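Note that the structure is predicted; figures quoted are calculated from it, not measured.
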Amino acid sequence: MSDEIKKTSKKAASSREQKFFNKWRRLFQYLVTHVFYMIRFKLVYRLEVQGKENIPETNEFIVAANHLSTLDPPLMCAVMNRPVAYMAKKELFENPFMRWWLNWLGAFAVDREHLGVSTIKTVLTIKKTEWVLGIFPQGTRQEPGTISNITKGFASLAKSTKCGILPIGIVGTQVAKRIPFSGKIIVKIGKLIPYTDNVDDMVRLWINEIQDLTGYKYE
């Protein structure tokens, strides 16, 4: 793939119009996460979900969870009552199959080093649909037991879009299991962190919530 084509492809993947988040992608995500993955979560990992009553009825919030493994994105989708649009690092969209897969799951590309205008526009677009934004403030997978490498981008997006932040604590996805009932995943959904203009306050409140939900300590 030429550099120009790559550049055009990345730009298109980072900017999503409202029609992109349609019923067909919603159905595809539902089948993948609520059916295929949920069977695995229930059968192998004995999934336990707490706090579903804390999920707001409106979609004016951002789902923000700690990050342990590649199972976390489909897990978050599986426990929510609406489709979740994820930010994915732009490099993933360079692979043709991954680009197709992520597109159908409703994901969009983001530059981790710089949240561009297209990212903010896409998040505002998501707010106009039945979808919600899903994000991992730690950026990459972390070792269990601690909470570290927090970026403020998720709180900045909450401020820019006037969205609250729904904290989700995940425990148990870091160990790959294949034998039925050999694993244990616990997902705890915390209370909504209201939108505020103070980014640092939202970050601090999210960290405190994740510590309470997971038992992990912030470093």
Lys191 bridged to Glu209 by N-O distance under 4.0 Å: no
Least distance between heavy atoms, Ser148 atom then Gln138 atom: O-CG, 3.4 Å
Non-hydrogen side-chain atoms of Tyr45 and Leu71 separated by less than 4.5 Å: yes
Distance under 6.0 Å and angle within 45° of ring axis: Arg25 vs Phe20: yes
Pair Lys89 + Glu91, salt bridge at N-O below 4.0 Å: no
Side-chain donor or acceptor of Thr146 paired with backbone N/O of Tyr218 under 3.5 Å: no
Lys152 vs Asp200 side-chain heavy atoms within contact, under 4.5 Å: yes
Ser69 side chain to Thr173 backbone, donor-acceptor under 3.5 Å: yes
Plane angle bin for Tyr30 and His34 - parallel if under 30°, tilted between 30 and 60°, otherwise perpendicular: parallel
Rounded distance (nearest 0.5 Å) linking atom NE2 of His67 with atom CD of Gln142: 8.5 Å
Neighbour count above 12 (heavy atom, 6.0 Å) for Lys121 NZ: no
Distance, nearest 0.5 Å, that separates CG of Asn66 from CD of Gln211: 11.0 Å
Heavy-atom pair of closest approach, residues Leu124 and Thr161: CD2-CG2, 3.6 Å
Heavy-atom closest pair, residues Gly134 and Tyr86: O-CD2, 3.4 Å
